[in-house]
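In what follows, chains are A, B, ... by sequence order, proteins preceding strands, each numbered from 1. As a basis for the values below, the full set of heavy atoms in this structure was taken, side chains included, without hydrogen atoms, waters or symmetry mates.
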Protein chains: 2
Amino acid sequence: MHTQSDFDPLRDVQAGGGPGMRSFIYGHLAPESFPIAELLAACQYSLREEGSLALQYGPEQGYGPLIDYLRAKIERDEGLSLGRQHLTITAGCAGALDAIARLFTHPGDAVLVEAPTYTDTLHIFRDHHLRLFQVPVDEEGLIVESAAQRLEELRRAGERPLFLYTIANFQNPTGVTLSVERRKQLIDLARAHELRIIEDDVYRDLCYEGDVPPSLFALDESRETVIRVGSFSKILAPGLRLGWVTAAPQVIERLAHCGLRSMGGGANPFASHVVANFCERGLLEPHIARLREIYRARRDAALTALAHSMPPGVTWTHPRGGFFIWLTLPAPLLARQVIAAAEQRGVTCLPGDIFFAERGGERNLRLAFSYLPPDDISQGIAALGDAIRASL
Amino acid sequence: MHTQSDFDPLRDVQAGGGPGMRSFIYGHLAPESFPIAELLAACQYSLREEGSLALQYGPEQGYGPLIDYLRAKIERDEGLSLGRQHLTITAGCAGALDAIARLFTHPGDAVLVEAPTYTDTLHIFRDHHLRLFQVPVDEEGLIVESAAQRLEELRRAGERPLFLYTIANFQNPTGVTLSVERRKQLIDLARAHELRIIEDDVYRDLCYEGDVPPSLFALDESRETVIRVGSFSKILAPGLRLGWVTAAPQVIERLAHCGLRSMGGGANPFASHVVANFCERGLLEPHIARLREIYRARRDAALTALAHSMPPGVTWTHPRGGFFIWLTLPAPLLARQVIAAAEQRGVTCLPGDIFFAERGGERNLRLAFSYLPPDDISQGIAALGDAIRASL
């Protein structure tokens with residue numbers, strides 16, 4: 001339950017904790033990363049030169065120049081040549097996932113999700129009354145063999161899942177990345193079971209070490225199996241509420257021409273004009289390069305502090321990108337007890353259990369390292385280490 | 001079906017017709033009405049002074065200062081004193097209606113709608129697999145007696161509608177306004193049948209003659225029966241995608257804390273900051289006054305041209321506000337035939353049948369008078385009159 005404090009304009013600054021609390025709760029962006037002057041210039045252009053279009057109802061599929069920029073970006077980054085019929089602009093990743101659930105599922109439909117996975121996706125799927133079945137994740141991402149077993153078990157029980165939802169790169173909440181070998185196996189498995197994959201790929205550009213594997217969408221040459229979701233929320237600004245979907249033309253057609261888009265004139269026309277102008281001026285690429293530096297430094301600060309501060313028995317993931325590290329506490333420690341002790345020491349994070357559709361996570365913590373500066377990360381993790389030691 | 005022309009940045013200028021076509025299709029805003037300089041100043045303030053909040057994830061219920069501005073506006077305009085728990089910010093009216101369908105209905109649920117009603121609402125409700133039953137509208141709005149009859153018939157058939165959707169002021173597509181007497185009867189009827197009313201009130205501020213009746217939401221002193229939707233799309237700019245809902249606290253709570261809002265950080269944080277700043281500087285009230293002048297002149301031009309140009313037997317509504325006039329053609333004329341003839345004369349509008357959930361409208365045309373300047377309205381309606389005469 002949320003209270004009046006929801007309205008506090010400082011809420012974002014607090015990022016989930018009270019004043020003076022070092023919070024690893026939210027995967028919020030580094031506040032100093034926002035390109036204020038450049039976005040203001042893009043607002044000026046969009047209003048002065050294009051105001052009568054940017055402020056009006058827009059095309060349902062999205063603003064054409066933004067679609068074309070994204071097609072060029074995907075061709076450059078992934079070597080994929082997509083037509084306009086393969087891409088639509090959405091109101092963020094959230095708008096995309098909600099639309100997929102609204103237009104391609106019915107209440108009671110079965111969906112496979114990773115264990116653990118992004119808690120807000122579970123929330124969206126539950127709002128659509130989907131039944132969620134979990135498949136475990138290890139250091140190489142979703143365990144495809146476990147997915148195959150779960151599908152067989154479900155089939156024997158008369159269940160036939162429609163979708164599998166995965167964050168293949170720098171997963172939320174674990175930070176792990178699905179290996180290329182498993183990606184290929186997963187596509188084969190999905191085809192064999194007529195299962196469609198929803199690939200949440202919002203962290204693709206935030207790789208701090210090595211290369212990003214090809215997306216499931218790129219590996220699915222048929223273009224029939226994977227619906228891939230991207231977003232400007234992690235690489236520019238979540239407050240603009242802009243994302244996109246790449247998928248088969250019939251999926252794009254359905255997403256673009258639903259009632260919500262028809263009434264609204266597409267997803268966020270004004271923000272689309274602003275972001276298209278920002279991108280067309282070549283500003284997104286150097287901005288992403290800068291974000292990689294900012295977040296790499298934060299990840300490194302977090303990993304160094306963990307190595308320095310954690311008592312024996314605590315383990316954690318080593319993400320090559322994204323915003324999150326996943327801690328596992330030794331028995332008999334419980335995450336919620338440790339968080340209570342940590343909050344007394346001025347530091348907080350999320351307990352692992354909220355990231356599971358069925359069960360699990362009682363000994364896990366998610367640390368979001370995106371929001372706090374490196375010094376706060378180091379001191380916060382030191383305090384967390386003290387809290388864990390005190391709980392042992 | 002939409003085609004590549006969806007991407008044409010001129011699409012909005014064309015407003016549904018090709019180049020050179022006078023289009024009465026869309027209820028788009030007068031392009032010259034957008035307050036470009038003032039919105040740019042609001043963008044500057046929001047980015048320079050509040051950028052790290054405006055660009056970040058925001059509170060789920062919406063940006064507090066915008067909620068408070070709307071509470072003050074509603075108190076001033078309607079004499080209603082609402083707490084923060086009675087209001088939430090949405091991604092336009094579209095986002096509000098979609099959320100109501102997502103969170104408060106299941107596929108197959110029965111909903112009553114006006115005949116005719118806004119076609120995009122029918123589209124949203126159909127995307128949620130709702131079953132729609134229509135109730136006729138006359139010059140005084142929804143015929144409450146017919147709603148009572150329909151409810152009785154449905155009850156005998158084992159159906160119990162959950163919601164009734166109405167646009168009580170300056171209805172889309174007819175332009176008619178529900179009388180105060182009928183508003184009271186409708187609330188009594190809804191209570192008796194445990195039916196909730198969705199009141200789409202987006203044209204409330206655009207009254208050109210006389211007073212706006214009290215909203216169903218205001219008349220429902222229990223606050224339990226009516227969910228009222230408002231929007232900045234008609235009084236400022238649809239491209240910003242901002243609206244709001246006023247309702248009982250438990251409805252607001254459910255809307256605010258759904259998965260979509262949780263993942264997205266509320267509905268359009270950046271646009272919320274921009275619009276809050278615009279409104280806090282006292283700019284919305286004079287802007288609405290200016291819009292009333294612009295649209296009153298367009299309505300008057302349309303009514304004058306209709307009186308001058310229509311052959312005998314054609315009738316039309318006389319809206320006191322909003323964007324739409326509803327024409328009825330004499331038998332044996334059919335709307336789609338007349339539109340084909342009109343398009344040959346360089347003018348177009350929408351056929352009535354698309355505004356009916358079940359059946360009707362074959363002899364009706366909807367004219368949106370909001371988008372074209374008065375001279376184009378006069379000439380367009382003269383051409384439409386020629387087309388009707390040629391079809392007789």
J.: Could you tell me which portion of L260(A) (side chain, backbone, both or neither) has an atom closer than 4.5 angstrom to a non-hydrogen atom of chain B?
T.: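 When you check distances to chain B, atoms from both the backbone and side chain of L260(A) fall under 4.5 Å.
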J.: Can you say whether T121(A) sits under 4.5 Å from chain B via the side chain, the backbone, both, or neither, judging by heavy atoms?
T.: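 It is both, since atoms from each part get that close.
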J.: For chain A, find which of P31(B), G264(B), G266(B) contributes the most heavy-atom pairs closer than 4.5 angstrom.
T.: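 Winner by heavy-atom pair count: G264(B).
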J.: Which region of L103(B), side chain (C-beta onward) or backbone (N, CA, C, O), has a non-hydrogen atom less than 4.5 Å from a non-hydrogen atom of chain A, or is it both or neither?
T.: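 When you check distances to chain A, only side chain atoms of L103(B) fall under 4.5 Å.
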J.: Counting C-beta onward and ignoring hydrogens, is there a side-chain heavy-atom pair between F270(B) and P238(A) closer than 4.5 Å?
T.: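 The answer is no, as the side chains (C-beta and beyond) never meet within the 4.5 Å cut-off.
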J.: Is a donor on one side and an acceptor on the other found under 3.5 Å between the side chain of Q56(B) and the backbone of A237(A)?
T.: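 Answer holds: no.
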J.: For a 4.5 angstrom cut-off between non-hydrogen side-chain atoms, does M263(A) reach D98(B)?
T.: no
J.: Which of the residues A37(A), G243(A), C43(A) is involved in the greatest number of heavy-atom pairs with chain B at under 4.5 angstrom?
T.: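 Winner by heavy-atom pair count: C43(A).
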J.: With a 4.5 Å heavy-atom cut-off, do R102(B) and R102(A) have their side chains touching?
T.: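 No, side chains not in contact.
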J.: Heavy-atom distance under 4.5 Å to chain B: side chain of L97(A), backbone, both or neither?
T.: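 Just the side chain, heavy atoms under 4.5 Å.
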J.: Below 4.5 Å, heavy-atom pairs only: which of A256(A), G239(A), A30(A) has the largest tally toward chain B?
T.: G239(A)
J.: Please classify the contact of H273(A) with chain B as side chain, backbone, both or neither, using a heavy-atom distance under 4.5 Å.
T.: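 Answer is neither: H273(A) stays 4.5 Å or more from chain B.
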J.: With sequence neighbours left out, write down each residue that passes side-chain hydrogen bond (donor to acceptor under 3.5 Å, both in side chains) with T117(A), or none if nothing qualifies.
T.: none
J.: What's the separation between atom CG in L40(A) and atom CG in L40(B), rounded to the nearest 0.5 Å?
T.: 7.0 Å
J.: Report the residues that fulfil side-chain hydrogen bond (donor to acceptor under 3.5 Å, both in side chains) with H123(A), sequence neighbours left out, ordered by chain and then residue number.
T.: none
J.: Supply the atom-to-atom distance C258(B) SG to H128(A) NE2, rounded to the nearest 0.5 angstrom.
T.: 8.5 Å
J.: Check this for me, if you would: do R261(B) and D127(A) make a salt bridge, where the nitrogen-to-carboxylate-oxygen distance has to be below 4.0 angstrom?
T.: no
J.: Using non-hydrogen atoms and a 4.5 Å limit, figure out which bit of Y118(A) sits close to chain B: side chain, backbone, both or neither.
T.: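 Only the side chain of Y118(A) comes within 4.5 Å of chain B.
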J.: Less than 4.5 Å apart, any side-chain heavy atom of L55(B) and any of I36(A)?
T.: yes
J.: Chain A: which of A267(B), S262(B), G51(B) shares the most heavy-atom pairs with it under 4.5 Å?
T.: S262(B)
J.: Determine whether Q44(A) and Q44(B) make a side-chain contact, defined as any pair of heavy atoms from C-beta on separated by less than 4.5 Å.
T.: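 Q44(A) reaches Q44(B) side chain to side chain.
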J.: Specify the closest pair of heavy atoms between S233(B) and Y57(A), including all atoms of both residues, with the distance to one decimal.
T.: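 Nearest heavy atoms, S233(B) then Y57(A): CB-OH, 3.7 Å.
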